[in-house]
Each structure stands twice: as structure tokens, then as C-alpha cells.
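This report refers to the structure that appears directly beneath it.
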Amino acid sequence: MRENVMDELKQMQPEDESKKKMLDILKRLHLEEEMESDGEDESMLSEELIQKVMSGEEIKIEDLSDDEVKRFRQALASGELSKMIEPWTPWWKKPSARMITLSPDGSQLVRQVREEDTATSGPMTDQEPSINEIPEGPEAPLPALKQLTRAEPSPLLAVHLVDILYSYCFTLRLYNGDWHSDPLGACTVALSMSKVMGEDAKPETVPEALRACIEETCSPAYRHTGGFRFAIGLLDDIVSILSLGHNVLVCALSDFHRLIEAGKSMLKAEKVGKMESTQSSSKLRGAARKLFFMTCWVHEQPEEAWPSLARIVEVQKVSLEELGTRNRKAEIKSKQQPKVLIEEL
């Protein structure tokens with residue numbers, strides 16, 4: 001695997017087709033943002049409504065005027081109300097993520113809680129990382145890949161892992177770290193973001209996988225999350241997780257698997273149409289199988305493979321940032337060019 005990712009890193013060209021497609025996405029996104037900027041003021045909530053919300057007063061939709069209902073719905077769609085929510089710190093950014101340990105078979109270690117651990121300690125206690133800050137690893141030992149399939153694992157699994165990690169980080173950040181509040185909704189978001197799990201896509205390169213994810217992030221459905229800038233931040237998340245290595249990757253994939261399983265359980269309880277339920281259930285089952293297989297594959301990979309893959313994502317991040325800067329400069333330059341008022345005949 002390490003040889004595969006190193007070869008890809010060497011073959012990456014600064015002006016390949018992937019960059020041209022990404023530049024087209026950036027231009028389209030900029031154009032759409034400009035077209036929507038005219039109606040920006042209309043989506044603002046009234047000062048009176050904001051004060052009511054912040055004071056904790058209960059507000060019902062029928063209490064609002066037609067104009068306020070319209071503005072409220074626009075604010076929800078644009079993500080304006082999310083500014084009132086305290087930002088979530090991802091678990092992989094916390095110091096405790098560096099201390100994750102798993103059993104040799106990939107399962108979580110059991111930590112015995114002693115009586116003195118639960119007692120009130122001195123002032124240094126608050127500085128120690130909490131065991132609940134990070135998701136748990138697999139509850140049972142992970143089987144060997146040869147027990148799951150006779151075929152050799154695809155050399156593209158490293159690329160597919162990047163797609164899955166992007167979807168995981170996107171979903172957690174969108175739900176402010178609490179996917180438990182709406183597992184089925186979180187599953188819908190995750191499968192729409194991951195083309196590998198949601199559409200059974202098989203991207204062959206990291207740039208191809210990231211381009212599809214970023215294009216979805218910049219789509220009208222998710223543009224309120226922050227668009228291109230938000231997508232670039234998610235690449236930092238992927239680099240962080242990969243850099244932390246094997247144990248963090250296994251915990252992240254296990255958490256993602258639990259999310260999908262929770263969505264499956266919720267789908268059974270929901271009263272939806274039989275055909276819709278069958279299709280959704282089939283997609284979730286497929287995603288759960290892929291995540292479990294990916295977890296087992298990651299568990300068997302050498303630790304030195306992950307820094308190489310992180311480097312590829314990091315190179316792509318820098319390249320995309322340069323592309324975004326170049327696009328913005330081109331837009332500013334085109335606006336600054338003086339218009340000819342009088343033309344000599």
C-alpha cells in the first residue's frame with residue numbers, strides 16, 4: 001500500500017485534468033454566490049425575533065407573520081442560525097486522541113475504574129483527558145481479511161478510505177459532533193457525501209475522490225455549511241486522522257459504522273413507504289459492510305502507510321488552496337478592469 005501511495009504522489013501533475021475540473025467548480029460556485037448576494041438582506045431575521053430566541057422564550061411558527069416565517073426558513077436554509085451554536089471541537093483534535101490504544105486484535109481495551117479514580121482529585125484532574133472524549137474501538141476482535149474474502153484487496157482501498165473519511169468528518173461537523181440526535185438524517189448526509197458508500201463509485205486517484213466530495217460540499221444542498229472553505233478545512237481533518245495512525249483510524253471507522261447501524265435501526269422504526277424503506281435499508285446495509293471491511297483492512301496495514309497517504313491529501317489541499325486564490329484574483333482583476341465609456345471611431 002505504501003508503494004502505491006508513493007507512486008501516486010510522484011505522478012501527480014500540477015496542471016492535470018482534475019485541477020481544471022476543480023477550477024470550473026470554483027468559478028460556478030463564485031457565480032452562484034454573486035447571484036444570491038442580492039437577496040442576502042431578505043434572509044436576515046428581525047432583531048425582535050433574534051432577541052426572543054436568545055432569551056430562551058418559546059416561539060411557535062404560528063406566532064410569526066408571513067414575512068417572518070419566510071425569513072426564518074431562509075435563515076435555516078442558509079445556516080445563519082448555526083452562528084448561535086457553540087462550535088464543536090473534533091475528538092481527533094484533542095490531546096487524548098494521541099493516547100488511544102487498542103488490543104492487537106483491533107478490539108477496544110477494557111479500562112478498570114478504581115474507586116480512587118472516581119473520587120474528587122486536585123486541580124490537575126480537569127486537565128487530564130477524559131476517556132469519553134473519543135469514540136470506542138470495535139467491541140469484538142476484527143477478523144482477518146482472508147476470512148472475509150478470497151480475492152486480493154483492491155489497491156484502490158487507500159483512495160476509497162479518503163472518500164469515507166471526508167464523509168465522516170463532514171457529517172460530524174455538520175451535526176456539531178452529535179450524530180446521535182438524528183442518526184437517520186446523519187446517514188442520509190453521509191451517503192450523499194461519500195460516493196464510494198452511497199453510489200458504489202470506485203475513484204482511482206485521491207484528487208478524483210476529493211473532487212467529487214468537494215463538488216457535493218459546494219452544491220446548493222450543502223453550500224450553507226461554508227462551501228469551498230469548509231471543504232478545505234475538512235482536508236485538514238483527514239490529514240489529522242491519518243497522521244495519528246492506525247488506532248485513531250480504526251476508532252473513526254468504528255464510530256462511522258455505529259452511525260450507520262443506528263440509522264438502520266431508526267429506519268425500521270420510522271413509518272415510511274415500503275419501497276423507500278427497502279431501498280434505504282439496502283443502501284445502509286451495503287455501507288455498513290463496506291465500513292466493516294475497510295476497518296479490517298486498515299487494521300492489517302503497516303503503520304508507515306498512513307503518513308504517505310496524509311502527505312498526498314496535504315499536497316492536494318495546498319494545490320486546491322492555490323487554485324482558489326488564483327480564481328479569486330482573476331475575478332477581482334476582471335471587476336477592476338475599466339469599462340470603455342467613449343470609443344474612438
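All residue numbers in this chain count up from 1 along the given sequence. What you are looking at is a predicted structure, and each value in this text was computed from that prediction instead of being measured.
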Check: Is a salt bridge present between Asp200 and Lys195, judged by a nitrogen-to-oxygen distance below 4.0 Å?
Finding: no
- Salt bridge or not for Lys317 and Glu321, using N-O below 4.0 Å? yes
Taking side chain as C-beta onward, heavy atoms only, is [X] less than 4.5 Å from [Y]?
X	Y	result
Leu235	Leu320	yes
Leu148	Cys296	yes
Leu253	Leu161	yes
Trp306	Leu244	no
Leu191	Leu284	yes
Ile100	Ile134	yes

Exercise. Under the side-chain contact (heavy atoms from CB on, under 4.5 Å) rule, what do Ser96 and Trp91 come out as? Steps first, then yes or no, please.
Key: CA-CA 8 Å; Ser96 53; Trp91 60 266; over 6 Å; no
Under 3.5 Å, is there a donor-acceptor pair between the [X] and [Y] side chains?
X	Y	value
Asp255	Tyr168	yes
Ser219	Arg223	no
Ser240	Lys93	yes
Ser192	Tyr222	yes

Does NZ belonging to Lys94 count more than 12 external heavy atoms closer than 6.0 Å?
yes
Do other residues, nucleotides or ligands put more than 12 heavy atoms under 6.0 Å from the NZ atom of Lys283?
-> no
Can you see which heavy atom on [X] is nearest to which on [Y], and at what distance?
X	Y	answer
Ile214	Ala231	CG1-CB, 3.9 Å
Leu259	Pro183	CD2-O, 4.2 Å
Glu139	Ser107	O-CB, 4.2 Å
Ile164	Phe256	O-CE1, 3.5 Å
Val159	Pro203	CG1-O, 3.6 Å

I'd like to know whether Leu249 forms a side-chain contact (heavy atoms from CB on, under 4.5 Å) with Leu165, so could you lay out the CA-CA distance, the side-chain angles of the two residues, the decisive distance to 0.1 Å, and finally the verdict. CA-CA 9 Å; Leu249 278 164; Leu165 288 177; 3.8 Å; yes
Within the distance-only criterion (no hydrogens, no angle test), does the side chain of [X] pair as donor or acceptor with the backbone N or O of [Y] below 3.5 angstrom?
X	Y	result
Thr295	Leu291	yes
Asn176	Trp88	yes
Thr171	Ser167	yes
Tyr175	Ser181	no
Gln301	Trp297	yes
Glu314	Val239	no
Arg258	Glu136	yes
Ser154	Leu156	yes
Gln108	Leu102	no
His299	Pro104	yes

Atom pair [atom1] ([X]) and [atom2] ([Y]), whose distance is rounded to the nearest 0.5 Å:
X	Y	atom1	atom2	answer
Glu300	Leu145	CD	CG	4.0 Å
Phe170	Leu234	CZ	CG	7.0 Å
Ser280	Met266	OG	CE	13.0 Å
Ser254	His257	OG	NE2	8.5 Å

Is there a chain of hydrophobic side chains (I, L, V, M, F, W, Y, each step under 4.5 Å between heavy atoms) that links Val318 to Ile238? no
Exercise. Start with the C-alpha gap between Met193 and Thr217, add the side-chain angles, then the distance that decides, and say whether side-chain contact (heavy atoms from CB on, under 4.5 Å) holds.
Key: CA-CA 8 Å; Met193 191 55 58; Thr217 306; 3.7 Å; yes
### Task
Show your reasoning for whether side-chain contact (heavy atoms from CB on, under 4.5 Å) applies to Thr149 and Phe293.
CA-CA 10 Å; Thr149 177; Phe293 184 86; 3.7 Å; yes
